[in-house]
Amino acid sequence: MAKDFPTRAESYAQWYNDLVIKADLAENSAVRGSMVIKPYGYAIWEKMQAALDKMFKDTGHVNAYFPLFIPKSFFSKEASHVEGFAKECAVVTHYRLKNSPDGKGVVVDEDAKLEEELIVRPTSETIIWDTYKRWVQSYRDLPLLINQWANVVRWEMRTRLFLRTSEFLWQEGHTAHATKKEAVAETETILDVYSDFAEKWMALPVLKGTKSPNERFAGAVETYCIEALMQDGKALQAGTSHFLGQNFAKAFDVKFLSKENKLEYVWATSWGVSTRLIGALIMSHSDDNGLVLPPMLAPIQVVIIPIYRKGEQLEEISEVALKVKKGLEAKGISVKFDDRDTYKPGWKFSEYEFKGVPVRLAIGPRDLENGTIEVARRDTLEKEILQIADIENKIENLLIQIQDNLYKKALAFREDNTYSVDTWDEFKDVIENKGGFVLAHWDGTSETEEKIKEETKATIRTIPLNAKNEDGKCVYSGKSSNRRVVFAKAY
RNA sequence: CGGGGUGUGGCGCAGUCCGGUUAGCGUGCUUGACUGGGGGUCAAGAGGUCGGGAGUUCGAAUCUCCCCACUCCGACCA
């Protein structure tokens, strides 16, 4: 058990925060709401990036980079878009500092005021569509399937490490198509990429669906999302894919001549996932002993710790350890042999356990005598002594088992915490006392959704794509409904 | 923006109400010895503009006034 570390039951919020800091993933910076992502946390992000980037490229996308700054006037071109983001924009008004007249530090040079203010991008639709206008004239120029890896800034009132920071890292895809059908198909393709990534790599089961109009992205015609359930019973939006219709094409005047020689507006999509995924990863698998990482995203998959008393012992152990390391690396497994003499074995055990390394191997004098190795898995905390022969294959299989086990555990948790309710009393009871996903009928109106939010803080997380048609009555208004939607309190 | 709270060695805190020797404690750090199969023990050390400014006083971390920063709860959000 880790020292000075709260359990999830004591305080989930504090558990999360302490975990991020003590596992050395990130810390708050000098700027309110902005975090420093530390090497270990960034290594997780790099693994996510690599996997996603390959998936995007395999589905025909290419990367590009657009500017950080966006002229203020661009924002007002799409009415609902500006409304959605105006309240959280960082604005650049000047381009120069000068020495303070009182000799203390520097001040903004009022003579260096910009003609037009620049917005630090909260998302890049506007600057990208302003660019696409020049790139698209003919149906032959379409589709444009472009992604960018970037940072964005949203001046949030309340921030939490990884889950909501003023600046965050993400990828944003922006595509342009000749037909509505093709754009909708693109939106759905990406939704599948996101859910595959969440389930296969993050071991995180997600619901796929659409958002209600209230929760829709500012400027979108339809927002698709993947929605996950965290261990405290709250929902987390893990990724979104938007069908933008012709809204941005019209706002930025992006037209093309079709095969039929007709001038038409382009159809658009945009989609993104962010460093918030790291928050989702932490909250779905970790326990009261610290971080638990799925092997496929763990920067270190296997750590080897030598146990020894004297220098010569370490040499003998190292010989065996390095052989195991090499064998594992030949299978593409990332291994760290921690032979630092400056820390004790017990200290190292705790350290790697807290940092969520999936498998720990220990080799000591006893093992040398017996031809064994101690294998400990992080997900179940089980330890066993195995013969060292063929250890590489055993570990390879173990990593697959751990990945699988984490997914199954998370899925079982979600199933145990998904409730189907038919009355308002039941609804309130579950939301307030149990948490989790609540499947309930809804009359389809924004008014009802808002009333429910006011009274319970629960919102519609998604209208699942696979929902069965089922006649029923809205849990709040009693009006008729033909399928259930997913309610929950959300991050 | 509304309402609380906190600023004291790297980190976490006590001391402040009721002013008074050399500002403590835990942890971390350095050195050494013993240790080593789950965060070891002992010893010796280093490390402080008590958030900033002004005032009251023989004397201020402590009292008064002003300022600053951070943080928590609410509205907003990937």
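Letters A, B, ... mirror the listed sequences (proteins, then strands); counts begin at 1. Note that the structure is a prediction, hence the values are computed from the model and not measured.
Separation of the P atoms belonging to B:rG20 and B:rG3 is 34 Å when rounded to the nearest angstrom. The same atom, P, is picked in B:rC65 and in B:rC25; the two are 33 Å apart, to the nearest Å. Rounded to a whole angstrom, the distance from the C1' atom of B:rA60 to that of B:rG15 is 14 Å. Separating the P atom of B:rG59 from that of B:rA54 is a span of 15 Å, rounded to the nearest Å. Atom name C1', nucleotides B:rC50 and B:rA23: the rounded distance is 8 Å, in whole Å. Nucleotides B:rU56 and B:rC63 place their C1' atoms 8 Å apart, quoted to the nearest Å. Across B:rA14 and B:rU57, the matching P atoms stand 32 Å from one another, rounded to whole Å. Taking atom C1' on both nucleotides, B:rG7 is separated from B:rG52 by 11 Å, rounded to a whole Å.
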Secondary-structure notation, RNA chain B, from Watson-Crick and G-U pairs under 3.5 angstrom (| other strand): (((((((..((((......[...)))).((((((.....)))))).....(((((..]....))))))))))))....
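In this structure, the ring-ring contact (aromatic ring centres under 6.0 Å, His included) partners of A:Trp271, at least two apart in sequence or on a different chain, are A:Phe56, A:His61. Residues meeting the salt bridge (charged side-chain N to carboxylate O under 4.0 Å, His left out) test with A:Lys234, sequence neighbours left out: none. Residues meeting the ring-ring contact (aromatic ring centres under 6.0 Å, His included) test with A:Tyr343, sequence neighbours left out: A:Trp347.
For A:Arg309 against B:rG37, a side-chain-to-base donor-acceptor contact under 3.5 Å is absent. In the interface, the side chain of A:Lys383 is paired with the base of B:rG38 through a donor and an acceptor atom under 3.5 Å apart.
Here B:rG37 is the nucleotide among B:rG37, B:rA75, B:rC76 with the atom lying nearest to any side-chain atom of A:Asp367. Here the side chain of A:Ala362 is nearest to one of B:rG36, B:rG39, B:rG37, namely B:rG37. The nucleotide whose nearest atom lies closest to any side-chain atom of A:Ser350 is, among B:rG39, B:rG36, B:rA75, B:rG39. You'll find that the side chain of A:Glu156 is closest to B:rC76, out of B:rC76, B:rA75, B:rG38.
Residues A:Arg154 and A:Glu167 fail the side-chain proximity criterion, which asks for heavy atoms closer than 4.5 Å. With contacts defined as side-chain heavy-atom distances shorter than 4.5 Å, the pair A:Thr456/A:Phe487 does not qualify. Between A:Glu78 and A:Thr126 the shortest side-chain heavy-atom distance does not fall below 4.5 Å.
The distance between atom NZ of A:Lys453 and atom P of B:rC76, rounded to the nearest whole Å, is 5 Å. At whole-Å resolution of the value, CD in A:Gln313 and P in B:rU35 are 13 Å apart. One interatomic measurement links the two molecules: CG of A:Asp338 to C1' of B:rG39, which rounds to 14 Å at whole-angstrom precision.
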List every contact pair, protein side and nucleotides 4-6 of chain B side both N or O, where the distance is under 3.5 Å.
none

What are the atom names and distances for every N/O pair under 3.5 Å that joins the protein to nucleotides 40-47 of chain B?
residue	atom	partner	partner atom	Å
B:rG40	N7	A:Lys344	NZ	2.4
B:rG40	O6	A:Lys344	NZ	3.0

Test log, rule salt bridge (Lys or Arg N to Asp or Glu O under 4.0 Å), inputs A:Glu353 and A:Arg378: CA-CA 6 Å; A:Glu353 187 169 291; A:Arg378 177 62 184 87; 5.5 Å; no
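Between A:Phe217 and A:Phe85, the distance separating the two ring centers is shorter than 6.0 angstrom. Here A:Phe5 and A:Phe354 bring their ring centres to under 6.0 angstrom of each other.
Remark: A:Glu432 CD is loosely packed, at most 12 non-hydrogen atoms of other residues, nucleotides or ligands lying under 6.0 Å away.
Look at A:Lys336 and A:Asp338 and you find no salt bridge, because none of the NZ, NE, NH1 or NH2 atoms lies under 4.0 Å from a carboxylate O.
The aromatic rings of A:Trp129 and A:Tyr132 sit perpendicular to each other, their planes meeting at more than 60°, with 30° as the lower class boundary.
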